[in-house]
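Structure record follows, encoded as structure tokens.
Because the structure is a prediction, the values reported are computed rather than measured. Chain identifiers are assigned alphabetically (A, B, ...) following the order of the sequence lines, protein sequences preceding nucleic acid strands; residue numbering begins at 1 within each chain.
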Number of protein chains: 2
Amino acid sequence: MTAPTTDDPRIDALMAEVRRAGGRVTAARRLIVGALLDAATHQTVDELAAIVRTAGPDVHLSTVYRTLDSLEAIGLVEHTHVGHGPALYHVGRMHPHLVCEKCGAVIDFEPAQLDTLREELRERFGFELHVGHFAMLGHCRDCASS
Amino acid sequence: MTAPTTDDPRIDALMAEVRRAGGRVTAARRLIVGALLDAATHQTVDELAAIVRTAGPDVHLSTVYRTLDSLEAIGLVEHTHVGHGPALYHVGRMHPHLVCEKCGAVIDFEPAQLDTLREELRERFGFELHVGHFAMLGHCRDCASS
DNA sequence: TTAAATGCAAAGAATTTGCATAACA
DNA sequence: TGTTATGCAAATTCTTTGCATTTAA
């Protein structure tokens, strides 16, 4: 387990946004967004907490939850529900996710890729699809072939 | 809270399938599938248990869970994950769901409606979409306009 | 009669909350 | 100095499990 980055300039950018929204910049928050930014893929709260604790052993799980909630309220972070298992968090804008039910691999893709479907659902059911907040489940290439 | 149907012929049909699969037909199981079949929409385990208990007060929540698991293993029932909140159960074949994040309304639709998307995801990512096991979230017509 | 299903209690996983203390602005 | 954020413990919600007992086949 590696400690989260602390010198990524994106951390400061995000913290500036937090401040602008009336929030406060704390050590725990810097670590948490550092861990979020490091990640190659989306992460659960437990995973984030484990990384954060390598640098700040006292950061409590509830602090991670609350920090992510705050960041999400400001629009800096999103979480996605994945079938069973815990929610996945990631920085940045809403986008659709494919999640493999076998190996857990997450594939991000562009919202535009769902425009046709979105239009179809809007016309047919009057339903406004929110692409970011749920994952589409199935099998990834590797798991589908095996 | 109304007691579940007990004279729906579909109950017997489903029980026949249970028997064929080596399972046993019990009073609890008849009540549970009765409740499932009555429903206008998909239901949570708690909702089902409440209905079932009007006729069989001792049917335990864990029995409802286990019965639904068994029925799902045989392929008679499916459950769908809906963002936060508990899973929704329904009889019958896998199909996609739209769930309103505001009012909880569930819209079922035909798997074929997603064929284009499916083909696209397969080509682009090698991803095999399983349409039944997750809900696509958004706002229904009423909630979107208000 | 015997394997499967049930009731009950308890545990488990994921998340939220209350409250006193600490620390940012 | 006055909130806001944190740590901690405890509560909540949804679901699963172990075990002794009951019951369908």
Side-chain angles (χ1 to χ4, degrees), chain A residues 11-12 14-33 42-50 52-53 55-74 76-77 79-89 104 133-135, chain B residues 11-12 14-33 42-50 52-53 55-74 76-89 104 133 135:
Chain A
I11 298 178
D12 298 302
L14 288 166
M15 288 302 108
E17 297 242 34
V18 167
R19 235 182 233 113
R20 190 176 325 146
R24 290 175 184 183
V25 174
T26 66
R29 288 182 169 188
R30 298 191 76 91
L31 290 173
I32 291 163
V33 304
H42 303 340
Q43 293 161 105
T44 64
V45 170
D46 273 327
E47 288 165 351
L48 284 169
V52 165
R53 285 200 189 110
D58 290 343
V59 175
H60 199 270
L61 207 57
S62 66
T63 299
V64 180
Y65 273 105
R66 282 192 275 223
T67 295
L68 292 171
D69 280 356
S70 304
L71 297 177
E72 192 157 20
I74 308 177
L76 303 179
V77 158
H79 75 275
T80 301
H81 294 284
V82 181
H84 305 275
L88 298 181
Y89 284 80
H133 196 219
F134 62 91
Chain B
I11 297 178
D12 298 302
L14 288 166
M15 288 302 110
E17 297 241 35
V18 167
R19 236 183 232 110
R20 189 176 325 147
R24 289 177 184 180
V25 174
T26 65
R29 288 182 170 190
R30 299 190 74 92
L31 290 173
I32 291 164
V33 304
H42 303 342
Q43 292 160 107
T44 65
V45 170
D46 273 327
E47 288 165 352
L48 285 169
V52 164
R53 285 201 190 110
D58 290 343
V59 175
H60 200 269
L61 205 57
S62 65
T63 299
V64 180
Y65 273 105
R66 282 193 275 222
T67 295
L68 292 169
D69 279 355
S70 305
L71 297 177
E72 192 156 20
I74 308 175
L76 302 179
V77 157
E78 308 264 355
H79 76 273
T80 300
H81 294 284
V82 182
H84 304 272
L88 298 182
Y89 284 81
H133 196 220

Next on the checklist: Without decimals, in angstroms, what is the distance between B:H79 NE2 and D:dC14 P?
Outcome noted: 15 Å
Checklist entry - Could you state the CG-P distance from A:D58 to C:dT21, rounded to the nearest angstrom? => result 17 Å
Item to check | Contact letters for nucleotides 15-25 of chain D, in which S counts primed atoms plus P, OP1 and OP2 and B counts the base, heavy atoms under 4.0 Å | outcome: BBBB----BBS
Checklist entry - Quick one: side chain to side chain contact (heavy atoms under 4.5 Å, CB included) partners of A:E47, sequence neighbours excluded? => result A:Q43, A:T44
Next on the checklist: Using the side chain to side chain donor-acceptor pair (under 3.5 Å) criterion, which residues pair with B:R53? Sequence neighbours excluded.
Outcome noted: none
Checklist outcome for this item: note: B:E47, atom CD; D:dT13, atom P; distance rounded to Å ~ 15 Å
Checklist entry - With sequence neighbours left out, what residues match A:D58 under side chain to side chain donor-acceptor pair (under 3.5 Å)? => result none
Checklist entry - How close or far is atom C1' of D:dT6 from atom CG of A:L71, stated in whole angstroms? => result 15 Å
Item to check | Nearest-Å distance for atom pair CZ/P, residues A:R30 and C:dA23 | outcome: 17 Å
Could you list the donor-acceptor pairs under 3.5 angstrom formed between side-chain atoms of residues 64-74 of chain B and any protein atom two or more places apart in sequence or on another chain?
| unit_1 | atom_1 | unit_2 | atom_2 | d |
| --- | --- | --- | --- | --- |
| B:T67 | OG1 | B:T63 | O | 2.8 |
| B:S70 | OG | B:R66 | O | 2.9 |
| B:E72 | OE1 | B:H79 | ND1 | 2.8 |
| B:E72 | OE2 | B:H79 | N | 3.0 |
| B:E72 | OE2 | B:H79 | ND1 | 2.8 |

Item to check | Plane angle bin for B:H133 and A:H84 - parallel if under 30°, tilted between 30 and 60°, otherwise perpendicular | outcome: tilted
Checklist outcome for this item: note: B:L68, atom CG; C:dA5, atom C1'; distance rounded to Å ~ 14 Å
Item to check | Atom-pair distance (CZ on A:R29; P on C:dA22), nearest Å | outcome: 19 Å
Item to check | Partners meeting side chain to side chain donor-acceptor pair (under 3.5 Å) with A:D12 (sequence neighbours left out) | outcome: A:R30
Next on the checklist: So if I take the C1' atoms of five pairs at each end of the helix from C:dT1-D:dA25 to C:dA25-D:dT1 and get each local axis, what angle do the two axes make, rounded to 10 degrees?
Outcome noted: 30°
Item to check | Pairs flagged by salt bridge (charged side-chain N to carboxylate O under 4.0 Å, His left out) wherever residues 19-29 of chain B is involved - sequence neighbours left out | outcome: B:E17-B:R20
